[in-house]
Structure formats: C-alpha cells, structure tokens
Amino acid sequence: MHLITSDIHGREEGIKLIEEAVRHFSIEGILSAGDQCPDFLHRAFFSSLVAVRGNCDRFYEYDSLPFPPLERELKLYGKRVVMTHGDRYSPSDFNLSKGDVFIYGHTHVAELFEENGIFYCNPGSPSRPRSSDGPTAALFSEEGLELFSLLDFSTISAIRFSRS
C-alpha cells in the first residue's frame, strides 16, 4: 500500500501526521504531488518518496537530492499513474485512458472521483487543509483508492477498482 500526499510545505505538524499514517497503515511507499518543501526528507520513512515539483518547491534547497520533475508517469498495482502538482498541468495535458490514475495537489482540498473510467485523486494537505475535512491524505492499493482523515484515519471516500 502507498500513501499519497501533497502540499506538506515542510510543516512539522503535517510531517508528524504523515509519519503516524505511515506507521498505522504499514506503508511501503509515498507519492507526493508537490510542495513537499524538503526540510524533512532526511527522515528515514521518506526514503521511498516519489515526488513531483510544486509551485513552492522552487524556493527551497534540495541539497544533494534531485530536484523533482514537474510530472511523472509510473506503473503501480497494474495501473498507469500520472502525477503532477496541478498548478501548471491539467488532465487534458496527458493522454489519459480508461483505468489510469491521475494524482494532483495544489488546491489543498481533497478530491476522489472517477470519470470516464479514469481515477482522479487529490489527497488534500496534511499541513494547510482548505476544507472542512481537515488534514487529509490518500491510500493507493491494488484494491483501489481511499481518502482518509489524518486525525483519526477514518475514511472520507473510497473507490474500488473493478477486477475486469
């Protein structure tokens, strides 16, 4: 299972919430849709971080770490995953197909929906949430996607992938 986050902005309270979720769910990897602001990346649990660059990341030093790209494409649990921050690119900038997962951030508002067979996930923000859901993140597993509260790990919404 992978944790999806975005818009951490290097804030300690958000980092602690992510650390707790990593332990709670036995996370094997972390996907970050930008604005991680890398002050925390030296922590061991972020060794598996796969990130894209957000609009605020340009203000931070990444030292010996590679500066994240603006977008990434990867395969995870048999799904094509396209990830970008959301400030420059939109889903229409990518050749998305049925079954693909599009991960984005930037708005600090969690969203999870399926449209025309494409799955869209904005995990919100653990540090500066802009919705009544409070601090949020998402889970990505072979079974599907789930938005959850970082305060009590309760499910906000979930989508299950079909087995076809």
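Values below: every heavy atom of this structure, side chains too, minus hydrogens, waters and symmetry copies. Source: prediction; values computed, not measured. This chain uses plain numbering: 1 for the first residue, then up along the sequence.
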F25 and F148 aromatic centres sub-6.0 Å: yes
Using the rule given for side chain to side chain contact (heavy atoms under 4.5 Å, CB included), can you reason through H85 versus S6, listing the C-alpha separation, both sets of side-chain angles and the distance that settles it, and then say yes or no? CA-CA 8 Å; H85 185 57; S6 185; 4.1 Å; yes
Measure the spacing between [atom1] of [X] and [atom2] of [Y] and express it to the nearest 0.5 Å.
| X | Y | atom1 | atom2 | value |
| --- | --- | --- | --- | --- |
| I27 | T5 | CD1 | OG1 | 11.0 Å |
| R88 | H106 | CZ | NE2 | 11.0 Å |
| L3 | L139 | CG | CG | 6.0 Å |
| E28 | H2 | CD | NE2 | 5.0 Å |
| Q36 | S127 | CD | OG | 11.5 Å |
| L145 | S157 | CG | OG | 9.5 Å |

If hydrophobic clusters are built by linking Ile, Leu, Val, Met, Phe, Trp and Tyr wherever their side-chain heavy atoms come under 4.5 Å apart, do [X] and [Y] end up in the same one?
| X | Y | answer |
| --- | --- | --- |
| I156 | F113 | no |
| Y89 | L74 | no |
| I118 | I103 | no |
| V52 | V82 | no |
| F140 | Y120 | no |

I'd like to know if the side chain of [X] reaches the main chain of [Y], judged simply by a donor and an acceptor atom lying under 3.5 Å from each other, with no hydrogens or angles considered.
| X | Y | answer |
| --- | --- | --- |
| R53 | P68 | yes |
| E13 | R128 | no |
| D35 | N55 | yes |
| Y77 | G144 | no |
| E71 | M83 | no |
| H108 | S125 | no |
| T84 | L70 | yes |

Go through the structure and list residues passing side-chain contact (heavy atoms from CB on, under 4.5 Å) with N116, not counting sequence neighbours. none
Would you say the side chain of V101 lies within less than 4.5 Å of the side chain of F161, judging by non-hydrogen atoms? yes
Any heavy-atom pair between the side chains of R72 and V81 that's under 4.5 Å? no
Looking at F119, is K79 sitting on its ring face, NZ or CZ under 6.0 Å from the six-membered ring centre and within 45 degrees of the normal? no
Transitive ILVMFWY cluster of V109, excluding itself - 4.5 Å side-chain cut-off: none
Chi angles and distances behind the side chain to side chain contact (heavy atoms under 4.5 Å, CB included) call for L76, L31: CA-CA 11 Å; L76 197 57; L31 305 174; 3.9 Å; yes
Only one of T136, T107, D7 clears side chain to side chain donor-acceptor pair (under 3.5 Å) with N122; which? T107
